[in-house]
Amino acid sequence: MSRYIFVTGGVVSSLGKGVSAASLGALLQSRGYSVHVRKFDPYLNVDPGTMSPLQHGEVYVTDDGFETDLDLGYYERFLGIKLSKNDSVSGGRIYWDVLNAERRGDYLGATVQMIPHVTNKIKDYIAVPTNTDFVICEIGGTVGDIEGKVFLESIRQFANEVGRRNVMFAHLTLAPYLEQSGELKTKPTQMSVRRLLENGIQADVLFVRSPRMLTPDERAKIGMFCNLPAKNVVTSMDVDNIYKIPLVYDEQDVFNIMAAHFGLPEASGDMSKIKKIEQYLMADLPVCTIGIVGKYFDVADAYKSLNEALFHASIQNNVRLKIKKIDAEKFNPEDCADVDGILVPGGFGARGVEGKIAAAKYARENNIPYMGICLGMQVAVIDFMRNVVGDNTANSTEFAKNCTPVIDIMHDCATENMGGTLRLGAYPCVIKPGTLAEKVYGANRISERHRHRYEVNIEYRDALEKNGMVISGMSPDGKLPEMIEIPTHKFFIAGQFHPEFQSNPFSGHPLFNSFIAAAKAE
Ligand code: GLN
């Protein structure tokens, strides 16, 4: 049986529960334990796919094509694990399941209630088998939220059922610092822990977010009010880079706190992978500037995985990454004068698309390393069709009705796996021998994740290839172009998929690694 760690939060939102949960996983892994992570979001949306990136940051996509919140990205990157639709569960989905069961008559006429019907459903999701030593479950929101109450009740019951020693309750709070008196205030933490207790949950370990390390006195004081030994009061220090958090926890012996709780032997772990990132962050390195031509810049986290993937590739290449945000709607080639590489990321809708096409053209004509992601591949193909093949009516049917539809919805390819009409999740791609794509991946068959509606129209393959564009990746059935490149160019490559969802800080992703390597050589 797996052991469970439930991570809740209090005082304020956005304290970094996801990063804390992932860091606990990293500590367990470094001691040889296997981990799985789940996120429970009490809100009523049935899944995050319909939530605006303007509110929630990017929509992350799993291999099985589920659109999830971006915390799942942290988990996959930090821990090198693959998650699926059972690992991102919202309140809306729980109620949806329960109400559907009620309509089907599954409850045989019983009165359907929060306890036991909703709580049982939540516990079912918690208990989906994972074959790992540990399952870390993050409960979204903050203690005291109305939506969250039934989730707290469920984890309370769950702990009672599987045994209190098989479950650890970790709680994340904030200790605000009062500048004038120079004091770190512990009262909000005490109140938050008490709130949790009102729900029958005694926190086993506290992670207190604070701008400096808590003193032994402060830890003892919090412990006294919260029924905990002082050593179980851990500082979750503000850091300039989230990858330092596992080290901050390791220095405070957090693994041994968990080991003591679960009755496991104490152990020290190999943190060298994460220490390497810390060393990279401290080193004095040459700057590599990447221009991202996009349009979601005013939303924090809208390009979360993309920024991460570029950062990971910079670690691999020993350069200091500088991202230049170039607004596609106001694109001016001069914006690119000081960049070492141009990247056009994914995007939806016509706003800014002509600027993105102009950016692909600029990179192509000036031999500047170019990487296109999803829409970034589509605009590269549109530019090529217009300005090299010479058909200036070429466009995507997403943006123009009467055009040469070099990008189109390829209806015969719409399989049942297309949630709504989007092609979502992992698809295989066959790579053509002798291409840059083959060199980059060092493989002839890859799997990457998708989230788009339109495709390069295979009917224009000959026109594109006769004029020097190579379709270097194809769906195995030979119908959907998945990668393109221009062999006469220094580095010009694009994919219909989102490679950023599969990057990690320890080895990067082959496409990003080689893009940064090409840009670095500039
Ligand atoms: N809007 C384009 C499509 O739907 C590209 C989507 C994307 O970049 N993710 O095909």
Side-chain angles (χ1 to χ4, degrees), residues 48-54 56-63 65-68 70 73 292-297 299 301-307 309-310 326 328-329 342-357 359-360 370-383 385 394-401 403 405-415 417-427 429 448-458 460 471 473 475 479-484 493-503 509 511-512:
T50 56
M51 295 169 83
S52 164
L54 298 171
H56 275 263
E58 80 176 2
V59 175
Y60 189 76
V61 180
T62 56
D63 260 0
F66 199 63
E67 296 174 286
T68 77
L70 49 78
I292 299 184
V293 185
K295 65 175 177 181
Y296 304 121
F297 293 123
V299 187
D301 288 347
Y303 292 120
K304 186 72 212 164
S305 295
L306 174 63
N307 292 336
L310 287 168
I326 300 174
E329 277 188 284
I342 296 177
L343 189 148
V344 177
F348 289 83
R351 186 166 65 83
V353 77
E354 286 302 323
K356 293 179 186 177
I357 296 169
Y370 178 86
M371 176 166 168
I373 295 178
C374 206
L375 182 62
M377 162 154 147
Q378 299 174 358
V379 295
V381 171
I382 295 169
D383 158 56
M385 195 68 193
N395 211 331
S396 164
T397 53
E398 182 179 4
F399 314 123
K401 282 213 178 75
C403 64
V406 69
I407 310 293
D408 204 352
I409 295 182
M410 308 306 288
H411 281 294
D412 56 328
C413 305
T415 61
N417 202 1
M418 293 177 72
T421 54
L422 286 176
R423 180 147 76 110
L424 279 171
Y427 283 83
C429 163
E448 294 281 10
R449 297 181 195 170
H450 293 246
R451 182 172 185 257
H452 57 99
R453 193 164 283 125
Y454 297 81
E455 314 273 354
V456 173
N457 188 340
I458 190 77
Y460 296 92
I471 295 179
S475 61
K479 288 183 178 167
L480 303 174
E482 303 280 38
M483 295 189 77
I484 59 101
I493 196 163
Q496 188 54 72
F497 41 76
H498 289 271
E500 68 271 29
F501 292 146
Q502 293 202 93
S503 179
H509 181 287
L511 258 178
F512 285 96

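First listed ligand is number 1; within each ligand, the first listed atom is number 1.
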Under the criterion side chain to side chain donor-acceptor pair (under 3.5 Å), which of Arg351, Lys295, Lys356 is the partner of Glu329?
Arg351

Could you identify the single nearest non-hydrogen protein atom to atom 6 (C) of ligand 1 and state the distance to 0.1 Å?
Gly347 O, 3.3 Å

Looking only at protein heavy atoms, which one is nearest to atom 10 (O) of ligand 1, and what is the separation?
Tyr454 N, 2.7 Å

Going by salt bridge (charged side-chain N to carboxylate O under 4.0 Å, His left out), name the residues that satisfy it together with Arg449, two or more places apart in sequence or in a different chain.
Asp63, Glu76

Distance-minimising heavy-atom pair for Gly376 and Ala494
O-CB, 4.4 Å

Closest non-hydrogen atom pair, Ile342 against Ala359
CD1-O, 4.3 Å

Would you say ligand 1 has an N or O under 3.5 Å from any N or O of Leu375?
yes

As an exercise, identify every atom of ligand 1 less than 4.0 angstrom from a heavy atom of His498.
9 (N)

Can you tell me if Glu455 contacts ligand 1 (heavy atom of the residue under 4.0 Å from the ligand)?
no

Purely on distance, is any nitrogen or oxygen of Gly346 under 3.5 Å from one on ligand 1?
no

Note the single closest protein heavy atom to atom 7 (C) of ligand 1, along with its residue, its atom name and the distance in Å.
Cys374 SG, 3.0 Å

Could you measure the distance from the CZ atom of Arg423 to the NE2 atom of His450? Nearest 0.5 Å is fine.
4.5 Å

If you measure from NE2 on His498 to CD on Glu58, what distance do you get to the nearest 0.5 Å?
9.5 Å

Can you sort out which atoms of ligand 1 are near Arg453, meaning under 4.0 Å from one of its heavy atoms?
3 (C), 4 (O), 10 (O)

State if His450 counts as touching ligand 1 under the rule of any non-hydrogen atom under 4.0 Å.
no

Distance, nearest 0.5 Å, that separates OH of Tyr427 from CD of Gln496
12.0 Å

Closest to atom 2 (C) of ligand 1 (heavy atoms only, candidates Met377, Arg451, His452, Glu398) is Glu398

